[in-house]
Amino acid sequence: MPRLSEKDMQKKMEPIRVNLERSGSDSYEIDIGEGVLDRLSVMIKAQDGVDRCVVITDSGVNSLYGEMVREKLQPAGVPVDLIEIPAGEASKSMGTVLDVARQLIELNVSRKSLLIALGGGVVGDLAGFIASIYKRSVPYVQIATTLVAQVDSSVGGKTGIDLPEGKNLLGTFYQPRAVFIDLSLLRTLSDKDFKNGLAEIIKYGIISDEEMFELLEQERAAVVERQLPVMRILVERSCRIKARIVEMDEQEGGLRRILNFGHTIGHAIEAASDYRLTHGEAVAIGMAAAAKMSYRLDYLDERSCKRIVGVIKQYGLPTEIPGDFNTKAILGFMASDKKAVGARLYFVLIRKIGVPFVTSEVPQSVIIDVIEGLRR
Ligand code: GLY
C-alpha cells in the first residue's frame with residue numbers, strides 16, 4: 001500500500017455491516033470513528049421497546065468513561081444503571097457471572113432490557129456471556145475501549161469465561177446488536193495494551209491483507225504515536241476482515257480458524273509463562289513460529305518470513321521464546337489446548353502474506369525444531 005494519501009486521511013467511514021442471516025443470527029453494524037458514541041442513543045431508540053440499559057464495565061474503564069457513556073445514553077430516555085466489576089482477567093469467572101446476574105435481577109432487568117459491555121476483552125466476553133444466558137438471553141451492545149477489543153474480541157460474538165483448568169472453557173456464540181468503536185478512546189490506553197492490539201492487527205495483515213501489512217511496515221512512527229488517520233485505516237480494515245470471516249463461518253467450523261494464526265504455539269507459550277507474558281506478546285512469538293514453520297515446510301519464501309519477523313520486532317513485540325521455557329511444557333500445553341481436536345494439532349500456516357491455510361500435517365520433529373530455534 002502506498003503511503004497514506006490525503007484521500008485516505010479524509011475518508012468518511014461508513015459502518016461495517018456483519019451479515020449473519022444465512023447462519024440464522026441477527027446482523028449488526030460496527031460503527032468506527034471519533035464520536036461514534038453520539039449515535040448510541042439513536043441506535044437504542046431504533047430497537048423495539050428497550051425498557052432500560054445496564055452498562056457493565058470494569059473499575060479502570062468506569063473511572064475514565066463511565067460518566068461520559070451515561071451522558072450519551074440520556075437522549076435514549078430510558079433508565080440507565082451501571083454495574084462495575086474489578087479490572088483484570090480474574091473477573092472472567094463463574095463467581096462474577098453469578099454476582100452480576102444477581103444484580104441484574106435486583107435491577108428488574110427484563111428481556112426487553114439492553115446490556116452494554118463497556119470495556120476491553122474481559123468485560124466484552126463476560127457481559128456477552130451473561131447476556132446470552134440471563135433469562136435465556138437479552139440483547140447486548142459492545143463499546144470496545146481497548147485496541148484488542150476494537151479489532152478482535154468485540155466483533156464476532158465469541159463470549160466466555162475462564163475455569164481454573166483453562167481460559168474461555170465456558171462460553172457461547174452470541175452476537176451483539178451493535179459494536180461501537182470510538183478511536184479517541186485509544187488515547188488513554190497503556191502502551192502494553194496498545195501493543196497487545198497491534199499484535200492482532202499484524203495478524204490480520206499476515207493472513208488477509210498484504211497492503212495493510214505494507215502500511216504497517218511503512219508507517220511505524222504514525223502507528224506508535226496512535227495517529228488517528230492511520231489507526232482508522234488499521235482498525236477499519238481489521239474489522240472488515242473479521243466481519244467477512246465471521247459471516248462465512250460464524251461458529252468456527254473451518255475458515256474462522258485462520259484467525260488463530262500464531263495462537264497454537266502462542267496460547268501454549270502464554271500458559272507456560274503462567275500468564276506473565278501478555279496475550280499479544282505470546283501471539284507475536286507464535287506468529288514468528290508459524291512463519292518459520294511455513295518456511296521450513298517450503299510453503300513460504302525466506303524473504304516473506306523475514307518480513308513477518310521484522311514487522312513484529314518493529315513494533316517492539318517479541319519473536320523469541322524466553323530461555324527458561326521448557327519445550328516439553330510448551331508441547332504439553334499445546335496438546336491440551338481446546339483447539340486440538342483428538343490427537344491432532346492444527347496450525348494456521350501461510351503460502352504467502354495474505355494467503356493462509358489450516359493443516360494438521362506438521363511433523364512433530366518440525367514443531368520441536370521451530371520451538372527450539374526460537375529460544376533466546
Ligand atoms: N479471536 C478469534 C475469533 O474471534 O475467532
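Hydrogens, waters and symmetry mates are skipped; everything else that's a heavy atom, side chains included, is used. This chain uses plain numbering: 1 for the first residue, then up along the sequence. Read the numbers this way: they start at 1 and go in the same order the structure lists the ligands and their atoms.
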For ligand 1, which atoms, with element, lie under 4.0 Å from some heavy atom of [X]?
{"X": "Leu259", "answer": "3 (C), 5 (O)"}
{"X": "Asp152", "answer": "1 (N), 2 (C), 4 (O)"}
{"X": "Glu252", "answer": "5 (O)"}

Carboxylate-amine/guanidinium contact [X] [Y], below 4.0 Å:
{"X": "Arg276", "Y": "Glu281", "result": "no"}
{"X": "Glu270", "Y": "Lys167", "result": "yes"}
{"X": "Arg307", "Y": "Glu217", "result": "yes"}
{"X": "Lys158", "Y": "Asp125", "result": "no"}

Margin query: Pairs of nitrogen or oxygen atoms closer than 3.5 Å, one from Asn260 and one from ligand 1: do any exist?
Written below: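 Between Asn260 and ligand 1 (N or O atoms, distance only) the closest approach is not under 3.5 Å.
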Check: Does Lys203, backbone or side chain, put an N or O under 3.5 Å from an N or O of ligand 1?
Finding: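 N/O-N/O distance below 3.5 Å does not exist for this pair.
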Margin query: Please classify the Val246 to ligand 1 contact at 4.0 Å (heavy-atom distances, strictly less than): side chain, backbone, both or neither.
Written below: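 Neither part.
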Note to self: For the residue pair Arg177 and Tyr140, would you count it as a cation-pi contact if the rule is NZ or CZ under 6.0 angstrom from the ring centre and within 45 degrees of the ring axis?
What the structure shows: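 Checked: cation-pi criterion not met.
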Item checked: Test item, Lys242 contacting ligand 1 (heavy atom, 4.0 angstrom) ->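 Within the 4.0 Å threshold, so yes.
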